[in-house]
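A short write-up of the structure that comes next.
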Amino acid sequence: MTGFIECIDIGKIYQGRTGAVEALRGINVACAEGEFVCLLGLSGCGKSTLLQMIAGLEPPSSGQIIVAGRELDGPSQATSIVFQDHGLFPWMSVQQNVEFNMKARGVKSAERRARAVEMLELTGLAGFAGRYPHELSGGMRQRVGIARALTTRPRALLMDEPFGALDAQTRGHLQAELLEIWASQRTTVLFVTHSIDEAVFLADRILVFTPRPGQLSANVPVDLPRPRDPRSAAFAEIAASLRAALGPEGGSE
Amino acid sequence: MKLGRLVGLLPILALLLAWQLAVLAKIYPPVLLPPPLKVANAFVLFGDQIASNALASITRVAIGIGLAFLVAVPMGLMIGRFAWLDRLTDWSIQTFRSIPPISLIPMAMLFFGIGDEPAIVLIFIAGLWPLLLNTIFGVRGIERTMLKVATAAGASEVLILRDIIWPAALPNIFTGLRLAVGGGWLTVVTAEMIAVKSGLGYMILNAQMTFRPELIFAGIIVIGAVGLLGDYAVRRLKAWACSWQEGLTASEQ
């Protein structure tokens, strides 16, 4: 099986103070272009580590990662990453923040400005371009993070628990908006979460991780039509099977 | 300035009152302890002399600290960014910064004679360490997510230093500048007593030798006032350059 993003037999070993720690073992993932895939697991299962390796931020100890047909040796131009703690630059206005990724790739300033305005509109931030991050709510900050990630027209959006720090209501709004953005931009999404409900609500397919060492324990397709109703029986059934796959400690929500 | 701030003048007024009372009680002869009015009069009589000496001292500090800034800040940004540079320089920095700049006066005179040069070199050294250490500290304190965002976006090392590390470290650099200006001012007065034939330090030592206690007092008052103004100027500069910090940190006024 080949895919747009492929992880082949990935292992990760950290040299900790108390000796070597195996964070990931034998991970095989293939993700087709346009697919929305959730990596679901409890904290410490290595799902974020895997995502950061796919983003090219750290190398695997063993195995191969292929993005858009090329083996990774650093960040790929085809991906953009969004973090839970958003990583916005507090000294830059929203506009400057959103332009940063393009600046890093040498996009000319007129084009940067136009593209940033477009992405701010898409993420519902029109009118906030001149604000500073500390003047925004948590949900708005994460919108800025998503807008920034989208500016470079990534073929895959890598999201590391992007809504994990938000209140339930804001989180629900952003999940729905993300699905709209995903549908309109036709990008692949790899989405890390520890929330079963979030995964079932969003994903085409859910990969379940179990910890110590991080391994894939299940590959669960979600065939429900969107928008999905978390109170439906079919939703609950998939959630229950995921809860079982996560193991005795269960998942949150 | 709010009227409430003027309460800060009360201790100074109390000190003036105590001074006047001590003069009236003849605790010390007037040749040691001149009355406040006579000191005030000294500002009129020796106004030009005080102004030109103050200007000489201020110029030396401005040059010395300016040079220290140009050397210490780029160095600090690099040392903070690259761990191997830190390992290379840490012990040396910790050793040299423990040496009071004043203790280098004899050596500075041997190398540079009497005049501006030894004073500026000593001020440079006095300002170098606080600027260097605070810059390094500022770079270290940067949020890791911001660096990950930049790396994932493919930002060049130059862009990371200019657009992320430099502004992130700026508040700490200003803390260093405040300490440097304070230390430079202490150093210039001392150095001028020994190694220079102008400046406020020279002026008050000379006033002692020519039995003009009112000029000594006037000189000390000017030293204190200039120190206060210098600190205020740096703080205003910081408030202007780091205005994005408003609302992020507890006020440190």
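So that the names make sense, note that chain A is the first sequence line, chain B the second, and so on, each numbered from 1. Both backbone and side-chain heavy atoms feed into the values below; hydrogens, waters and symmetry mates do not.
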Is a side-chain donor-acceptor pair under 3.5 Å present for [Y] with [X]?
X: A/Thr170; Y: A/Arg143; answer: no
X: A/Ser48; Y: A/Asp160; answer: yes
X: B/Asn134; Y: B/Thr175; answer: no

* Mind listing the closest non-hydrogen atom pair of A/Thr188 and A/Ala32 along with its distance? =>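 The pair with the smallest heavy-atom distance is CG2-O, 3.6 Å.
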
* Asked: Tell me, side chain or backbone of B/Ile160 under 4.5 Å from chain A's heavy atoms, or both, or neither?
  ->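 Nothing of B/Ile160, per the 4.5 Å heavy-atom cut-off to chain A.
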
* To do: For chain A, find which of B/Ser156, B/Cys242, B/Ala155 contributes the most heavy-atom pairs closer than 4.5 angstrom.
  =>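 The residue among B/Ser156, B/Cys242, B/Ala155 with the greatest pair count is B/Ala155.
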
* So which of B/Ser243, B/Ala150, B/Ala153 has the largest heavy-atom pair count under 4.5 angstrom toward chain A? ->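 When all of B/Ser243, B/Ala150, B/Ala153 are compared, B/Ala153 has the most.
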
Toward chain B, the part of [X] with a non-hydrogen atom under 4.5 Å:
X: A/Met92; value: side chain
X: A/Gln84; value: neither
X: A/Leu158; value: neither

* Asked: Hey, what's the ring geometry for B/Trp166 with B/Phe69, parallel, tilted or perpendicular (30° and 60° as the breaks)?
  ->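 Ring orientation, 0 to 90° scale: perpendicular.
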
* To do: Could you tell me which of A/Ile81, A/Asp85, A/Leu88 has the largest number of non-hydrogen atom pairs under 4.5 Å with chain B?
  =>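 Option with the greatest count: A/Asp85.
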
* Tell me, out of A/Ala104, A/Ser93, A/Ala55, A/Ser80, who's got the most heavy-atom pairs with chain B below 4.5 Å. =>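 When all of A/Ala104, A/Ser93, A/Ala55, A/Ser80 are compared, A/Ala104 has the most.
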
* **Step-by-step side-chain contact (heavy atoms from CB on, under 4.5 Å) determination, B/Arg140 to B/Asp86** => CA-CA 11 Å; B/Arg140 293 244 182 82; B/Asp86 184 47; 3.0 Å; yes

